[in-house]
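Comments concern the structure below.
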Amino acid sequence: MAIQLYDSLTRSLKPLRPSQPDGVFRFYNCGPTVYAPAHIGNFRTFVVNDVLRRLLELEFGPDKVKHVRNLTDVDDRTIGQTQKEKRPLAEITKKWTDKFHADCAALNCLPPHVEPTATGHIPEQVSMIECLMEKGNAYRAADGSVYFKIDSFPGYGALSRIKERELKITNAVADADHKDSVSDFALWKAYKPAEDGDVKWPGPRGASEGRPGWHIECSAMSKKHLGDTIDLHTGGVDLLFPHHENEIAQSQCCNGTTFANHWYHSEHLLVDGTTMSKSKGNYYTLSDLLEKGYSPMAVRYALLAGHPRKQLNFTLDSLHAAEKALSTLRSYRATLSAQGGTPDTFAAVFAALDDDLNTPGALGALFTLVNRGTAGVDTAGFDRVMFALGFDLNAASAPKAEAPAAVSALAEKRWAAKQSKDFAAADALRKELTAAGWSMLDRKDGYSLEPLKKA
RNA sequence: GGCGCGGUAGCCAAGUGGUAAGGCCGAGCUCUGCAAAAGCUCUAUCGCCGGUUCGAUUCCGGCCCGCGCCUCCA
């Protein structure tokens, strides 16, 4: 059964199908800018795209999906960071690329098949800009920068439905002096010694040395790794305009063909009802949540608990709920036998996923089945569902924290009191442990200690 | 101002023209020195007002409230 996915361009549900004769599904997902740790809002997009990647593999076969996700390693923010830290660009971007990879791995996201970087594709970008200049879609500005001429592309605005004249005039006027029109966007930015440090490359013919504008990297890298027409292009809603709109303009003017057959945008993660930002103090990284005692898998679960095309209000409670839900799945998995399953047991789960990536619907269907018991279910069938959702049930439920000596001592005392049936003392000690932030779990033959979740 | 999205139980969140999945929390019960774990049970008429309809939470219109984007933010 085909995967139906919302297409932002036609605003309708469309089936996902490879368009090339080789049957390979070409999938480009806009990746992160590596100048700081990605936050969980960023990861919502990447986790959602990971589920998509997994569904595509199940649908077309693991070797019939080509997944490309870029790393933006040169732009205003990365350069700004090098100036702030007085360190080379490559050092900064390496650091945050490594962190991004570690976080992705913790969240059990499959690595893309190709992960191109902007700095690794300067010639490709330059060549595309030259192509656009030759075709009259781009022009050199007085300072040596190159801009895309929006008027030259009649289709501009089709994706975002934004007409040039409807744009709110902001402080974009800063660069306006060099542009023919305020709405034209940079393909190549001329080198500015005071701001750019040593970050510069030889420019397109006729332009100054400098660096690529942000949008051109995706056009150039998708062309190189996936070809002129790709089957699916995805990203967060915020990329719809101007980033994706500009990519379409660049690619279609240069290549003369449809850039992407399908566009998909996942919605924002909100915290406290608003979008995350450092100034609001509601900015979470994965590390922040792990420090609070939550597991990466719970974060993944929480990110999938809302419909990907709907804003999701993230709360710490949702992580608690996720932790519990995963624990239920873990015990359920443990009761399953290796064989004897009925093939279509989890059809409802896949039906939900195939229907516009309805992850909360899929989770609902999954628990309905789990609550029904283990009849007709075997490990292989269940594991297929876990693969699709990307839940690694073997991953630790939560990082095992070592109890401080003082806490261990209290626990030992309480255990001894309990063994000697001094329940009053045992209860008093339990209260002390709670006050110290630890929970003591008794078993027949011993006990374990777990830190209480921090608020 | 332009474009778009949403308002479903204490919280999170699916869904359907015929009286509403699921997770968490909470309550009760079973089990158990206590706690935890496990099991069972219980908890909503879907923002407001009209309209269409035999029937609307689901379609249409209006209103109220919230959120996002509008040139470099996933």
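Below, read A as the first sequence line, B as the second, and so on, with proteins coming before strands; counting in each chain starts at 1. What you see below is based on every heavy atom in this structure, not just the backbone, and it leaves out hydrogens, waters and symmetry mates.
- The side chain of A:Arg77 contributes an N or O atom lying less than 4.0 Å from OP1 or OP2 of B:C73.
- Residues forming a salt bridge (charged side-chain N to carboxylate O under 4.0 Å, His left out) with A:Lys413 (at least two apart in sequence, or on another chain): none.
- Rounded to whole Å, the separation between the P atoms of B:C65 and B:A27 comes to 37 Å.
- In this structure B:A38 sits in a base pair with B:U30, meeting the Watson-Crick or G-U test at under 3.5 Å.
- The pair A:Asp288-A:Lys292 does not meet the salt-bridge criterion, since no charged nitrogen lies less than 4.0 angstrom from a carboxylate oxygen.
- If you take CD of A:Glu245 and C1' of B:G4, they are 14 Å apart, rounded to a whole angstrom.
- What separates OH of A:Tyr156 from C1' of B:C70 is a distance of 11 Å, to the nearest Å.
- Rounded to whole angstrom, the span from the NE2 atom of A:His244 across to the P atom of B:C69 amounts to 15 Å.
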I'd like a table of atom pairs between the protein and nucleotides 36-41 of chain B - only N or O on both sides, under 3.5 Å - with the distance next to each one.
| residue | atom | partner | partner atom | Å |
| --- | --- | --- | --- | --- |
| B:A37 | OP1 | A:Lys324 | NZ | 3.0 |

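- For A:Arg309, no side-chain nitrogen or oxygen approaches OP1 or OP2 of B:C5 to under 4.0 Å.
- Taking atom C1' on both B:G47 and B:U8, the two are 10 Å apart, rounded to the nearest angstrom.
- The same atom, P, is picked in B:A35 and in B:C29; the two are 12 Å apart, to the nearest Å.
- With a 3.5 Å ceiling on both atom-pair distances, B:U58 lacks any Watson-Crick or G-U wobble partner.
- Using a cutoff of 4.0 Å between basic side-chain nitrogens and carboxylate oxygens, A:Lys94 and A:Asp73 are not scored as salt-bridged.
- To the nearest angstrom, P of B:C73 lies 15 Å from CE of A:Met276.
- The partner of B:U16 cannot be assigned: no Watson-Crick or G-U wobble pair with both contacts below 3.5 Å exists in any strand.
- Between A:Phe387 and A:Arg54, the shortest heavy-atom distance links the atoms O-NH1, 2.7 Å.
- Between A:Arg69 and A:Asp50, none of the side-chain N atoms (NZ, or NE/NH1/NH2) sits under 4.0 Å from a carboxylate O, so this pair counts as no salt bridge.
- Residue A:Lys418 is classed as a base contact, given a heavy-atom separation below 4.0 Å to a base.
- Checked against B:A21, B:C11, B:A74, the side chain of A:Asp317 finds its nearest nucleotide in B:C11.
- Residue ring and nucleobase are not stacked for A:Phe367 and B:G22 under a centre distance beneath 5.5 angstrom and an angle between planes beneath 30°.
- The only member of A:Asp422, A:Asp442, A:Asp427 that meets side chain to side chain donor-acceptor pair (under 3.5 Å) when paired with A:Arg414 is A:Asp442.
- Under the 4.0 Å criterion applied to side-chain N and carboxylate O atoms, A:Arg309 and A:Glu267 are not assigned as salt-bridge partners.
- Donor-acceptor pairing under 3.5 Å, judged by distance alone, is present between the side chain of A:Arg430 and the base of B:A35.
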Can you name the atoms? Protein N/O to nucleotides 12-16 of chain B N/O, anything below 3.5 Å, with the distance.
| residue | atom | partner | partner atom | Å |
| --- | --- | --- | --- | --- |
| B:A13 | OP1 | A:Asn313 | N | 3.3 |
| B:A14 | OP1 | A:His307 | N | 2.6 |
| B:A14 | OP2 | A:Lys310 | NZ | 2.9 |
| B:A14 | O3' | A:Asn358 | ND2 | 3.0 |
| B:G15 | OP1 | A:Asn358 | ND2 | 2.9 |

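- Taking the P atom of each, B:A44 and B:G50 are spaced 25 Å apart, rounded to whole Å.
- Side-chain to base pairing of A:Arg372 with B:G22: no donor and acceptor N or O lie closer than 3.5 Å to each other.
- Applying the Watson-Crick and G-U wobble criteria (two distances, each under 3.5 Å), B:A21 pairs with nothing in any strand.
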